[in-house]
Protein chains: 2
Amino acid sequence: MKAAPGIEVSPSADRVTISDVADALGLTKGTVSRALNNYPDISDATRQRVARTAESMGYRPLAHAQAIRTGRSRAIGLVLQTDVAGAQRPFLSDFLAGVSNAASDASWTLTVAMSSGGNEMLATMRRLIEERKADGFIVPRTLAEDARATLLNSLKVPFVLYGRLREIGDCAWFDILGEEAMRKAVARLAGQGHSRIGFVNGGMEYNFSYLREEGFRVGMQEAGLKVDENLVVNGAMTREVGRDKVVELLAHDKPPTAVLFAVDMAALGAYDAAEAIGLQIGQDLSVISYDGIPECAWVRPKLTSFRVDSKMAGGRLAELLIRHVRGEHPSTLRETAHAMLWPGGSDGPPRLTTEELANRVAGAI
Amino acid sequence: MKAAPGIEVSPSADRVTISDVADALGLTKGTVSRALNNYPDISDATRQRVARTAESMGYRPLAHAQAIRTGRSRAIGLVLQTDVAGAQRPFLSDFLAGVSNAASDASWTLTVAMSSGGNEMLATMRRLIEERKADGFIVPRTLAEDARATLLNSLKVPFVLYGRLREIGDCAWFDILGEEAMRKAVARLAGQGHSRIGFVNGGMEYNFSYLREEGFRVGMQEAGLKVDENLVVNGAMTREVGRDKVVELLAHDKPPTAVLFAVDMAALGAYDAAEAIGLQIGQDLSVISYDGIPECAWVRPKLTSFRVDSKMAGGRLAELLIRHVRGEHPSTLRETAHAMLWPGGSDGPPRLTTEELANRVAGAI
DNA sequence: TTTCTTGCCGAAACCGGTTTCGTAACTGAT
DNA sequence: ATCAGTTACGAAACCGGTTTCGGCAAGAAA
C-alpha cells in the first residue's frame, strides 16, 4: 500500500550500515556503536578492530539516524540577513567558503537560511532548532545588543559570535581587531603629517562601531592629537551616507585633512564628495578605511584599507562552533585576528592646510 | 554509562511527537502517520480529525526521523564554486535569499557547500547524497557539458539546472532568456544608428555563451546588419579580460561603434579601455551588457545592462526542485524568465563614424 | 443466512543508529 | 576454594517516525 511516492529512492541505497560492520566482525551493533564512540567499557583490542574494519568497509554513520537519538546532526546553522546595507555582500562568498570548508573537514554540513532580520530572524532560528536542523549557530554581524545571543543562550543552544559583545557573557566569539586597525590608521595618518583627522563611524547598532571608535580615540591619543568631537560622526554604512558625512565634515570651519572610515562602503562616498567639491583624494583629502572590499582596487586612487580575511574568519568560526557543540566551554572559545593594511593611494601627506582646505570647500559650494 | 557527552541536550526537548498526537486522539501512531501522509486506507473523517489536532497541538514531524525510513529529509542541496571569476559573487546574496525563502515556505531547508570545482565538486555532491544531506540539487552556472548533471542523472538524484543544457536530456531547468536580451540589445543599438556592432562573449565553457551569441546573431539579422566575425570574440568573464578584448576590437581598421557584452563584469573593462584610449563611453563608444550587477550604477556613465532577478531565480529553482523531488517529471519542470533592460548612459547614437573612431584610436596608440 | 468484499484501523516490524541493563568470564583478595 | 569486584560484551529497549500485515465490522452479493 504505497502512498503518492515521489521519486523512487534509488535502489543503490547500498550504504554500509552499522549492522553490516557488526556482522562482519561477529559483534552486535550496540558494541560497534560503543566502540566507535569511545565508550569506556570496550576493550582496546576490540575498539581498534572495529575502527579498522569500519574504515575499510567505508562505513560512515548517517548523521540523521544518529540525530534521532542524540539530538545532534553535525550541522552548522547560519542565518543571514537579507536586506542589510552593503557591506555583507562582497564577503559572503569567501565567508561561506570558509565556513563550508571547515565544516566539511569535520564531516559537518552547513544549513543556511536568510531572513529579513529582527523577529523574523529569531523565528527562523527557532524553527531550525526545533526541527533539529542545526546543532549550533554562527551569528554574524554582532549587534551591540544582540537578541540572537539572548535567544540562543536561553535555549541553551551553542553559538559563536562573529564579533564581540559589549557585556561579555559566557559566549564564544571570533573577531577581527578593528580597533587595532583604527589605531594603526591614525598612526599612519599622523605620521604623514595630518593633525586634523575626522572619523566616520558605522551604525551604532553594531558592536564593532564602539570598538573602532575607541581604537580611533586611542590612536589619536597615542599620536598626541586632540579629538575634535565635531569631526566624529557615525551611522555611515553606505556609499550615499558616507558621501553626506564627508560633506558634513568638510563644511566645518576647520575641516579635517584626513578622514578615517570604519567601513569601506562608506569610504567610497568620500570619492563622490571629493569629486563634487573638486578635491583630490590622497592629496587634498586623505582617506583610510576598513574591510578590504574589492571596490577598493577599482576606484582611483585605490582606497587604502585594512583588509579582513573573511574566508579565514568563516573557517575559524566553524571550528569554534564545532568544538563548542562537542562540549568545550564557550569562555575558552575566543579568538581574534588582525586586519591587514592594504595600501592604496588614498592617503598621503596633506597638500593643504585646514584653512586652505576650508577655502577650497567654501569656494565649491 | 555516558560517553564524552558534549553539550547537554536541552531538557526542553519537549517537542510534540507523533505519539503525543496519537495518544490525544486515541489512535496509534501508525494511523496518525498514514492519515497525515494521505494514505488511501484512512477515512476522511479520521484524516481531518488528525489533521486538526496535529495542527492545534503544533505537531511538526522531525525531518530526519522521517528520513531514516523514507530517505528524504526535505533539504535542498546547493554546491557553489569558490574560485570562479567574478560574476557569481554579486548575486550570491540575492540568489541565496530566493532559494532559502522558497525552501522555508515549503518547510524545507537549504544545505550549502562550497568546493573548488571539477572533481572536488562532484565528490562534495557525492558526500551530500550518500549522507542524505540533500534530497536534490540546484546546479548553478550550467556548463556546456556539465559533469554534475551527468553524475546526478546516473545516481538518479533529482536536480534542477540554473541554465539550460546543449543537449536537453530529461532534466529540469530554470533560465533567464539571455539570448532574448542580446537580441533586444542589438535592436536598441541599431535603432540608435549603429551598424558596426561588436560582441564580447563570456567563456565558452558556459552554456549561456552559446545562447547569447546566437541571440546576438539573430538580432543582427533582424536589424539587417551583417556580422563581422572579426568583431566577435569570447572568453571575457573579468574586467581585465574585458578591457583587453575591447582594445582588440578597437584596434580593428574598421572598429565597432558599439560593443555588446555577454557579461557585466567584462563590460566594466570597456571603461578602462575607453579611459586609456581617450574615448567617451556612451558617445564615442556605446556599450550594452547583461547581468545587472550593482557596479553598473557606480561607473560613469552608468552601464546600460539587462538586469537579472537573482532572487526570483533562486526562488523558482527551489520550487521546481521541490516539485521534482515530490515526483513530478523533470520535463514538465522547465521555466524561463526575462531579463529586464536597465538603461544607463553607456549607449546612444554614435558620435563618430567607424573611420573617425579608427583615427582616434590610432592616434591614441 | 452465508460468503465475499471492502473500508478502516491496530499491531508490529522496520529504518539506522544509541544507550541501558544484565551477565558471563575473568580477575584478585581472603 | 570462595567470593566480591571488574571487564567486556550481548540483548533489548529506545529515538520518532513509516510501512506492512492482518483482522474486525459493515455492507454487498449469492
Side-chain angles (χ1 to χ4, degrees), chain A residues 1-6 8-9 11 13-23 25-50 54 57-74 107 130-133, chain B residues 1-6 8-9 11 13-23 25-50 54 57-74 107 130-133:
Chain A
M1 180 157 310
K2 238 175 172 173
E8 285 303 322
V9 169
D14 50 356
R15 289 188 65 265
V16 182
T17 72
I18 198 170
S19 298
D20 296 336
V21 177
D23 290 348
L25 285 161
L27 297 172
T28 63
K29 58 177 188 172
T31 302
V32 171
S33 172
R34 277 169 297 163
L36 292 173
N37 291 299
N38 293 316
Y39 273 61
D41 65 342
I42 300 290
S43 72
D44 281 336
T46 305
R47 193 192 318 283
Q48 293 184 22
R49 216 159 54 94
V50 170
M57 294 178 70
Y59 169 69
R60 282 209 306 272
L62 259 195
H64 58 249
Q66 303 179 288
I68 159 180
R69 194 73 220 268
T70 63
R72 271 190 294 271
S73 54
R74 296 199 305 271
S107 291
E130 189 177 330
E131 299 189 358
R132 305 269 200 282
K133 292 289 195 173
Chain B
M1 182 157 311
K2 239 179 173 174
E8 286 303 321
V9 169
D14 49 357
R15 291 188 62 265
V16 182
T17 72
I18 197 171
S19 297
D20 295 336
V21 177
D23 290 349
L25 285 160
L27 298 172
T28 63
K29 58 177 187 172
T31 302
V32 172
S33 173
R34 276 169 297 162
L36 292 174
N37 292 300
N38 294 318
Y39 273 60
D41 65 343
I42 299 290
S43 73
D44 280 335
T46 305
R47 193 193 318 284
Q48 293 184 22
R49 214 160 54 94
V50 170
M57 293 179 70
Y59 168 69
R60 283 208 307 270
L62 258 196
H64 57 250
Q66 302 178 291
I68 158 181
R69 193 75 218 268
T70 63
R72 272 191 292 272
S73 54
R74 296 200 304 271
S107 292
E130 190 177 328
E131 299 189 358
R132 305 267 199 285
K133 291 290 194 171

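Predicted model only: the values in this text are computed from it and were never measured. Below, chains carry the letters A, B, ... as their sequence lines are ordered, and counting in each starts from 1.
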Can a side chain N or O of [X] be found less than 4.0 Å away from OP1 or OP2 on [N]?
X	N	value
B/Ser33	D/dT18	yes
A/Arg132	D/dG17	no
B/Thr70	D/dG17	no
B/Tyr59	D/dG16	no

At what distance, to the nearest 0.5 angstrom, does CZ of B/Arg49 lie from CG of B/Asp44?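 Going from CZ on B/Arg49 over to CG on B/Asp44, the span is 13.0 Å.
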
If I take atom CZ from residue A/Arg47 and atom CG from residue A/Asn37, how far apart are they, to the nearest 0.5 angstrom?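 The CG atom of A/Asn37 is 10.5 Å from CZ of A/Arg47, to the nearest 0.5 Å.
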
What nucleic acid atoms does [X] come within less than 4.0 Å of, heavy atoms only: base, sugar-phosphate, or nothing?
X	value
B/Thr17	sugar-phosphate
B/Ser19	nothing
B/Ser43	sugar-phosphate

Measure from the side chain of B/Arg15, starting at C-beta and using heavy atoms only, and say which of D/dA8, C/dG16, D/dG17 lies closest.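 The nucleotide sitting nearest to the side chain is D/dG17.
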
Taking the side chain of A/Ile18 as its heavy atoms from C-beta onward, which of D/dC9, D/dG17, C/dT18 lies nearest to it? C/dT18

Between [N] ([atom2]) and [X] ([atom1]): distance, integer Å:
X	N	atom1	atom2	answer
B/Leu27	C/dC8	CG	P	14 Å
A/Gln48	D/dA8	CD	C1'	15 Å
A/Lys29	C/dT18	NZ	P	10 Å
A/Gln66	C/dT19	CD	P	9 Å
A/Asp41	C/dC26	CG	P	18 Å
B/His64	D/dT18	NE2	P	13 Å
A/Asp23	C/dG16	CG	P	12 Å
B/Asn37	D/dG16	CG	C1'	13 Å

Could you list the donor-acceptor pairs under 3.5 angstrom formed by side chains in residues 58-65 of chain B, with sequence neighbours left out?
from    : atom 1 : to       : atom 2 : distance (Å)
B/Arg60 : NE     : A/Glu131 : OE2    : 3.2

Closer to the 5' end of DNA chain C via nearest nucleotide, is it B/Thr46 or B/Arg69?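 In this pair, the answer is B/Thr46.
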
Is the shortest side-chain heavy-atom distance between B/Gln66 and B/Arg72 below 4.5 Å?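 The answer is no, as the side chains (C-beta and beyond) never meet within the 4.5 Å cut-off.
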
With the side chain counted from C-beta on, respond yes when B/Leu27 and B/Thr46 share a heavy-atom pair under 4.5 Å apart, and no when they do not. yes

base_contact_polar (C/dG10 base, B/Arg34 side chain, donor-acceptor, <3.5 Å): yes

